[in-house]
Amino acid sequence: MPSKSTTTTRVANFENFLVEKKFLSLEALNKAKAESSTAHRNLFDYLVSDKYIGEEELARARGQFFNLPYIDLRNQTIKKEVIETVSKDAISNYKFIPFEVTGNILKVAVTDPTNLAALGALEFLSQKQNLKVEIYITSFTSFANAGRKSGNLTTEVTQALKEVEKKEQEYADKSVAKTKTVEQTIVDEAPISKIVDVVLRHAIEGRASDIHVEPTEDDLRVRYRIDGVLHSSLILPKSVHSAIVSRIKILSNLKIDEQRLPQDGRFHINLDGKPIDFRVSTFPTVIGEKVVLRILDKSTGAPTLDDLGFSGKRLEMVLEAIKKPHGMFLMTGPTGSGKSTTLYALLSMLNQPGVNIVTLEDPVEYFMDGVNQAQVRPEIGLTFASGLRSILRQDPNIIMVGEIRDKETAELAVNSALTGHLVFSTLHTNSAAGAIPRLMDMGIEPFLLTASLNLVAAQRLVRKICDKCISETKPTEGIAEIIRNEMATVKPEELEGIDLKTIKVFVGRGCPVCGNTGYKGRIGIYEVININSKIQELINEHLPAAKIEEYAVKEEGMLLMRQDGILKALRGLTTVEEVVRATKD
């Protein structure tokens with residue numbers, strides 16, 4: 001063990017290091033030292049608890065001081081087999097955690113690099129298992145979160161399944177009454193509830209947007225959609241399929257005995273103080289009911305336009321359009337492209353006490369305080385068209401119609417925009433210009449469109465490069481050619497800070513934080529057409545979408561979605577490959 005004087009010197013050196021590297025000012029350090037001494041508390045604990053420095057920032061600083069790479073494990077799920085390379089007692093006693101195995105290299109995150117006993121235990125482990133140990137540094141919170149989440153999904157579910165089997169046997173042995181089958185009884189028992197709770201919790205902690213519970217011929221598969229991509233997470237025995245589906249139906253207030261027709265519902269939970277909504281959809285397949293749950297985290301609130309990816313001239317046009325007292329604002333794109341989220345962000349900006357906002361949605365995804373939200377129910381006659389007629393009698397200033405699907409809804413939306421209302425809606429078209437002929441095909445006259453339409457925007461979602469493992473690289477010749485071709489018509493002001501002579505792109509190397517995918521989170525790419533007097537003339541001339549788009553690009557400097565995406569790729573937000581994938585026709 002190090003002597004007391006050695007430890008004191010090391011602490012003093014680290015204090016100086018914090019000041020030298022500008023993690024703290026000397027005045028702040030001296031003040032914290034005096035206060036922590038008076039309170040008889042550890043200086044570094046005091047620095048974090050009293051917000052002189054963030055815990056993760058302090059861990060990074062210690063990493064630099066001890067020449068150890070820093071790792072953030074707060075959002076990382078570590079594989080069960082990796083966790084099991086070290087005993088639970090060792091993890092608990094020494095406060096370190098293995099997080100990745102590559103070949104014969106075991107990567108371990110430590111919370112205290114001065115703990116010689118922990119380092120000795122790792123040395124013993126490397127010799128015993130013939131592994132080379134690479135040491136990283138992490139914060140205690142990061143260590144605790146990883147230990148709580150990682151490797152537990154399979155373990156917790158396996159334990160619950162054993163309880164299910166035990167209960168099934170008990171009920172079978174007791175010859176349960178015919179009025180209540182074994183299966184129905186099991187639904188009410190704790191093991192099934194626990195399996196469902198564990199699946200929900202891990203989905204939320206893993207940043208999933210959707211949970212798919214899918215029966216196959218032999219088993220039950222649970223998949224999570226993370227950043228737009230489905231990942232297989234859990235395989236369960238087919239015998240628990242009906243019980244799990246029934247448990248989800250009970251939570252969603254759906255009919256348990258209806259297995260032939262699709263059903264929709266929702267339920268709400270609180271996880272660690274965060275309100276989470278789940279939108280539930282059941283669908284009968286030939287081998288059993290499939291359930292999809294959309295996760296709606298109400299604690300995050302509506303994102304800003306900057307968060308969504310609006311920038312430059314596109315942001316200016318959108319902000320200008322929503323200031324207008326009346327007219328129609330359309331978002332276009334395929335299902336799952338983030339149209340509704342963009343409209344929620346805009347409504348959040350416009351939501352003021354003096355404004356009456358009424359929405360008609362299918363379904364209501366996020367509840368917004370101060371906004372009157374309704375959900376269409378075609379089975380009882382509440383459609384977008386009939387609902388919109390009723391909304392107009394509610395004295396609205398702003399109306400949001402979830403989607404324009406037919407002529408009647410389109411006509412009502414246009415008339416609402418013409419009679420003094422600001423109307424937001426969505427259309428399923430591939431481009432912004434494509435919305436104009438689509439509305440004409442629905443029977444809207446060109447002169448009505450030009451009088452009512454303020455702005456049309458189209459969008460897609462692309463995955464963002466993980467900011468923990470981003471690295472700069474040279475593009476391949478094919479990628480460089482795509483960049484040069486797409487940037488040829490882009491105006492100089494959009495290329496600020498980008499050098500097309502020496503093209504550089506960015507990739508995510510893959511790390512534990514992003515699950516070795518290189519991506520974490522998503523961002524929008526956009527194209528925006530402002531319906532000015534010249535565009536109105538083109539509409540009145542019945543010109544096709546291609547001609548309107550061509551004019552907007554050449555004369556108005558409009559950026560196409562792919563161009564906006566490539567600009568984001570050149571600035572390190574995403575990759576060119578992601579942009580090409582998202583914008584393929």
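All figures in this text were calculated on a predicted structure; none of them were measured in a lab.
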Going through the checks in order, is the side chain to side chain donor-acceptor pair (under 3.5 Å) test met by Q459 and T342? CA-CA 9 Å; Q459 73 175 88; T342 300; 2.7 Å; yes

Are S348 and N351 linked by a side-chain donor-acceptor pair shorter than 3.5 Å? no

Drop me the distance from [X]'s [atom1] to [Y]'s [atom2], to the nearest 0.5 angstrom.
| X | Y | atom1 | atom2 | answer |
| --- | --- | --- | --- | --- |
| I226 | Y519 | CD1 | OH | 15.5 Å |
| S337 | M331 | OG | CE | 7.5 Å |
| R463 | L573 | CZ | CG | 15.0 Å |
| R207 | K520 | CZ | NZ | 5.5 Å |

Sequence neighbours left out, what passes ring pair (Phe, Tyr, Trp, His ring centres under 6.0 Å) with Y136? Give chain and number order. F99

Residues in ring pair (Phe, Tyr, Trp, His ring centres under 6.0 Å) with F140, at least two apart?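 Checked F140 against ring pair (Phe, Tyr, Trp, His ring centres under 6.0 Å); matches are F143.
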
Of the options T575, I483, I465, which is the one that meets V505 in a side-chain contact (heavy atoms from CB on, under 4.5 Å)?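 That would be I483; it is the only one of T575, I483, I465 passing the side-chain contact (heavy atoms from CB on, under 4.5 Å) with V505.
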
Residues in side-chain hydrogen bond (donor to acceptor under 3.5 Å, both in side chains) with [X], at least two apart?
| X | result |
| --- | --- |
| R294 | D210 |
| K568 | D564 |
| T141 | E55 |
| N372 | N356 |

Any salt bridge (charged side-chain N to carboxylate O under 4.0 Å, His left out) involving residues 101-115? Give me the pairs, sequence neighbours left out, ordered by first then second residue.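 For residues 101-115: R62-D112, E100-K107.
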
NZ/NE/NH1/NH2 to OD/OE distance under 4.0 Å, E15 and K33: yes

With heavy-atom distances below 4.5 Å as the criterion, would you say the side chains of H268 and N270 are in contact? yes

Please assess L200 against I211 for the test side chain to side chain contact (heavy atoms under 4.5 Å, CB included), listing each intermediate value before the final yes or no. CA-CA 8 Å; L200 298 182; I211 305 169; 3.7 Å; yes

Verdict with supporting geometry, F267 and V280, side chain to side chain contact (heavy atoms under 4.5 Å, CB included): CA-CA 8 Å; F267 65 93; V280 180; 3.6 Å; yes

Would you give me the side-chain donor-acceptor pairs under 3.5 Å for residues 305-312, sequence neighbours excluded?
from : atom 1 : to   : atom 2 : distance (Å)
D307 : OD1    : T304 : OG1    : 3.4
D307 : OD2    : T304 : N      : 3.2
D307 : OD2    : T304 : OG1    : 3.0
S311 : OG     : R314 : NH2    : 3.4

Looking at F23, Y70, F14, which hits ring-ring contact (aromatic ring centres under 6.0 Å, His included) with F65?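 That would be F14.
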
In chain order, what residues pass the salt bridge (charged side-chain N to carboxylate O under 4.0 Å, His left out) check against E214, with sequence neighbours excluded?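 So E214 forms a salt bridge (charged side-chain N to carboxylate O under 4.0 Å, His left out) with R221, R223, K290.
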
For E57, which residues count as a salt bridge (charged side-chain N to carboxylate O under 4.0 Å, His left out) partner, sequence neighbours excluded?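 For E57, no residue satisfies salt bridge (charged side-chain N to carboxylate O under 4.0 Å, His left out) once neighbours in sequence are set aside.
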
Taking side-chain contact (heavy atoms from CB on, under 4.5 Å) as the definition, give me every residue that meets it alongside T476, ordered by chain and number, with sequence neighbours left out.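 Partners of T476 by the side-chain contact (heavy atoms from CB on, under 4.5 Å) criterion, ordered by chain and then number, come out as I479.
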
Residues in side-chain contact (heavy atoms from CB on, under 4.5 Å) contact with K474, at least two apart in sequence or another chain: none

Quick one: do K132 and S126 satisfy side chain to side chain contact (heavy atoms under 4.5 Å, CB included)? Show the steps, please. CA-CA 6 Å; K132 181 183 176 183; S126 69; over 6 Å; no

Before you tell me yes or no, could you show the steps for F424 and L346 under side chain to side chain contact (heavy atoms under 4.5 Å, CB included), namely the whole-Å CA-CA distance, both residues' side-chain angles and the distance that decides it to 0.1 Å? CA-CA 9 Å; F424 293 88; L346 296 173; 3.9 Å; yes

